[in-house]
Undergrad: 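Got a structure for you, written out below as structure tokens; questions coming shortly.
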Amino acid sequence: MGQPSGLLFSKEHEWVKVDGDVATVGISNYAQESLGDIVYVELPRVGSSVKQFANSGVVESVKAVSDLFTPVGGEIVEINETLDEDPAMVNKDPFGQGWLFKVKVSDAAAQSAALLTPEQYDAFVAEQT
Amino acid sequence: MNRTPLFAEHAALGAKLVPFAGFEMPVSYAGILQEHAAVRSRAGLFDLSHMAQFVVRGDDAGAWADGLTVNAVATMRPGGARYNLFCGETGGTHDDVIFYRLADRWLLVCNASNAGKMWALLNAAAPGGVALEDRRSETALIALQGPRSAEILAPLAGGDPAALRYYSCAEMTVCGRPALVARTGYTGEDGFEVFVAAADAVAVWRRLLEAGAGRGLEPAGLGARDVLRLEAGMPLYGHELAEELSPLQAGLGWAVKFEKPAFVGKAALERQRDDACYARIAGVVMSGKVPARAGYEVIHSGAVVGGVRSGSFGPSVGRNIATVLVPPDVSSPGTRLSIRIRGVEHEAEVVKLPFYKRASTGGSGGAA
């Protein structure tokens, strides 16, 4: 299958790209494909604090509401406001322009230890199907 | 889990398969929005073979069915199709169905989710002169829905499907196979529901897709079907209709023929009709981008007054739409309500159903 390099993943099918102390978060291609057409995204408030793996928003497809569980904890520093007008971008480009939010993390190494490598995530996805 | 005769076709088309009423069914193929768009602008092909199909025979079958349902059955003529409901003594709904009247029998199609309940109900109520058959495993049901349905089906049919009036049916060959073709559907578009022998299902499905490809026909799943019917203001059992919800509450009073001398639930429905203070289904359009979903609370004047029964983004409306069950005094078009979604109240406005109506009716003569 092959995930983009440089990312870590959670079992809730989210990805994280860490750049210094800021982590960008999104959902995986497997997640967007499973969800189908995404019609609405609810993101955490900028300035709020989230804990790793806590419920931090929703992604809604035509048929269903899916909870977002942030793969990293810290302070929300930016959210992808283009998703307000174009939620389908999450389907079109889940690893790029479909990013969801950015988190300022203080302990990236420790949090990363709780996440999956691309290979581990691939194996995890293979178990689901 | 059960599979329809077309299961392998869905798998080969890459459908997303989900359990539904004990069957492994396609919820989508290319995607719900794409399939929805296909049905609204061109045509979609649905496998509905999971739905219950009962054949009813007997000289007294029509009168018998009249006693169990709210709409008129005995007066149906061969070639007729009619929407109907089976109710209980309290007026609540056991199922919403379609009867198809053929020369020597009736075909009764019930919701897949109520197949077991309805088979038991019919058998428990059937007198000696009424014969019942469960035909689901012998018959496949394929629905062709969308404005291009007639032009796609016509060259493949032994009869003239375009000449069928809305809500009528006729036996004719389709792709050379014996079929019952009905001008009925659950999408709000023109279309046909085609019953064929299970053994002919794959050939007919493939031929229809092949012949329709040039006209933009696409396979469509249960996900698109649900959005289409919601936009068209059609009830889904378990949402707008249920054991605890009557046809009157669902806005289906037109289907209740109070002039029938007797039917199960008549007294309760008469009382309900005369009291007129029952909670009822209303359609709402959300002001904002957050969709309403079944189960969310409906608020008016600071109090919870009801709940959402169905909700989705409606592409043909361009808004989030929902049905709600609310008291009569807040059910009129124009009423402003709010829906509580994850602790936050979101504005909605009651509108007249349906949310979407197609441009023209199908069938020569244009039966309304």
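Letters A, B, ... mirror the listed sequences (proteins, then strands); counts begin at 1.
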Undergrad: Quick one, A:Lys63 with B:Val27, criterion side chain to side chain contact (heavy atoms under 4.5 Å, CB included). Give me CA distance, side-chain angles, the key distance, then yes/no.
TA: CA-CA 10 Å; A:Lys63 285 209 69 69; B:Val27 69; 4.0 Å; yes
Undergrad: What pair of heavy atoms forms the shortest contact from A:Leu35 to B:Lys16, and how long is it?
TA: C-NZ, 4.3 Å
Undergrad: Would you mind checking which part of A:Asp84 comes under 4.5 Å of any heavy atom in chain B, side chain (CB onward), backbone (N, CA, C, O), both or neither?
TA: both
Undergrad: Quick one: do A:Glu42 and B:Lys289 make a salt bridge, cutoff under 4.0 Å?
TA: no
Undergrad: Specify which of B:Val227, B:Asp226, B:Ile32 makes the most heavy-atom pairs with chain A at under 4.5 Å.
TA: B:Ile32
Undergrad: What are the two closest heavy atoms between A:Val39 and B:Pro291, and how far apart are they?
TA: CG2-CG, 4.3 Å
Undergrad: Heavy-atom count check: over 12 atoms from other residues, nucleotides or ligands less than 6.0 Å from B:Lys117 NZ?
TA: yes
Undergrad: Using the rule given for side chain to side chain contact (heavy atoms under 4.5 Å, CB included), can you reason through A:Glu60 versus B:Val290, listing the C-alpha separation, both sets of side-chain angles and the distance that settles it, and then say yes or no?
TA: CA-CA 9 Å; A:Glu60 297 208 37; B:Val290 192; 4.1 Å; yes
Undergrad: Taking atom CD of A:Gln97 as the centre, report whether more than 12 heavy atoms of other residues, nucleotides or ligands fall under 6.0 Å from it.
TA: no
Undergrad: More than 12 non-hydrogen atoms from neighbouring residues, nucleotides or ligands closer than 6.0 Å to CD on A:Gln128, yes or no?
TA: yes
Undergrad: Got more than 12 heavy atoms from elsewhere within 6.0 Å of CD, B:Glu347?
TA: no
Undergrad: Using every non-hydrogen atom in the two residues, find where A:Val65 and B:Arg342 come nearest and quote the distance to one decimal.
TA: CG1-NH1, 3.8 Å
Undergrad: Please flag which part of A:Ala64 lies under 4.5 Å from any non-hydrogen atom of chain B: side chain, backbone, both or neither.
TA: backbone
Undergrad: Tell me, side chain or backbone of A:Val41 under 4.5 Å from chain B's heavy atoms, or both, or neither?
TA: neither
